[in-house]
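Data first, discussion second: the structure below is written as structure tokens.
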Amino acid sequence: MGTLVTLHLPPDSPVANLPWIITIGALDDNEEWEPLVCGPYERPHALALAQAVVADEDLMAVVEPLLPLADADAIRAEVDLAKTGGDPDDLEAETFDDDEPRHTTPGRPPTQAEVREGFVRIAAKLTSVRH
């Protein structure tokens, strides 16, 4: 059985509405192959697809938000924020017992048609003009 890693988000987090990517890699450090990055997906689709892929194999899937940053300055600002750890008041940390893994039940994997419909919604979000 593989491992699925993702962010724990509060129910009203705006991050949940961002596009999400899946990075699939070897669970064992001794395996030498480059991880596969795929997406973007809507978050529920990404979680369900990742879970389906790693369920019966020794793989690790990392599901994380994709930040649609439109210019180099925005990317630099996010890099600076990541380096400093951001505003501590904006972060929520949870402590988990290392002996008890957290399990997620993302549901059944989406159909190809559902994923394609999600691509359309993501494209609409990414191309909408905001002032």
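Computed from a prediction, not measured in an experiment: that's the story for all the values here. All heavy atoms count here, side chains included; hydrogens, waters and symmetry mates do not.
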(request) Salt-bridge test for Arg108 and Glu114: reply yes if a basic N is under 4.0 Å from a carboxylate O, no otherwise. (result) yes
(request) For Lys125 and Asn17, work out which heavy atoms get closest and say how close. (result) NZ-O, 2.9 Å
(request) Find the distance between CZ (Arg121) and CZ (Arg116) and round it off to the nearest 0.5 Å. (result) 13.5 Å
(message) Taking the side chain as everything from C-beta on, heavy atoms only, tell me whether Cys38 gets closer than 4.5 Å to Ile21.
(response) no
(request) Taking all heavy atoms of Leu66 and all of Leu18, pick out the closest pair and write down the distance. (result) O-CB, 4.0 Å
(message) Looking at every non-hydrogen atom in both residues, tell me the closest pair between Pro35 and Thr23 and how far apart they are.
(response) CB-CG2, 3.8 Å
(request) Might you point out which heavy atoms bring Trp20 and Val15 nearest each other, and give the distance in Å? (result) NE1-O, 3.3 Å
(message) Please give me the minimum heavy-atom distance between Thr6 and Val63, naming the atom from each residue.
(response) OG1-O, 2.9 Å
(message) Leu59 and side chain to side chain contact (heavy atoms under 4.5 Å, CB included): which single residue from Ile24, Thr3, Leu27 fits?
(response) Ile24
(request) Report yes if the side chains of Arg76 and Val79 come closer than 4.5 Å at any heavy-atom pair, otherwise no. (result) no
(request) With side-chain contact (heavy atoms from CB on, under 4.5 Å) as the test, would you mind laying out the steps for Leu67 and Glu78 before giving the verdict? (result) CA-CA 9 Å; Leu67 301 177; Glu78 285 296 321; 3.7 Å; yes
(message) What's the separation between atom CG in Leu9 and atom CZ in Arg43, rounded to the nearest 0.5 Å?
(response) 4.5 Å
(message) Would you compute the distance between atom CG of Asp56 and atom CE of Met1 and round it to the nearest 0.5 angstrom?
(response) 8.5 Å
(request) Check Pro68 against Leu126 and note the closest heavy-atom contact, atom names and distance. (result) CB-CD2, 3.2 Å
(message) Let me confirm one number: the CG-CG distance from Leu49 to Leu4, rounded to the nearest 0.5 Å.
(response) 11.0 Å
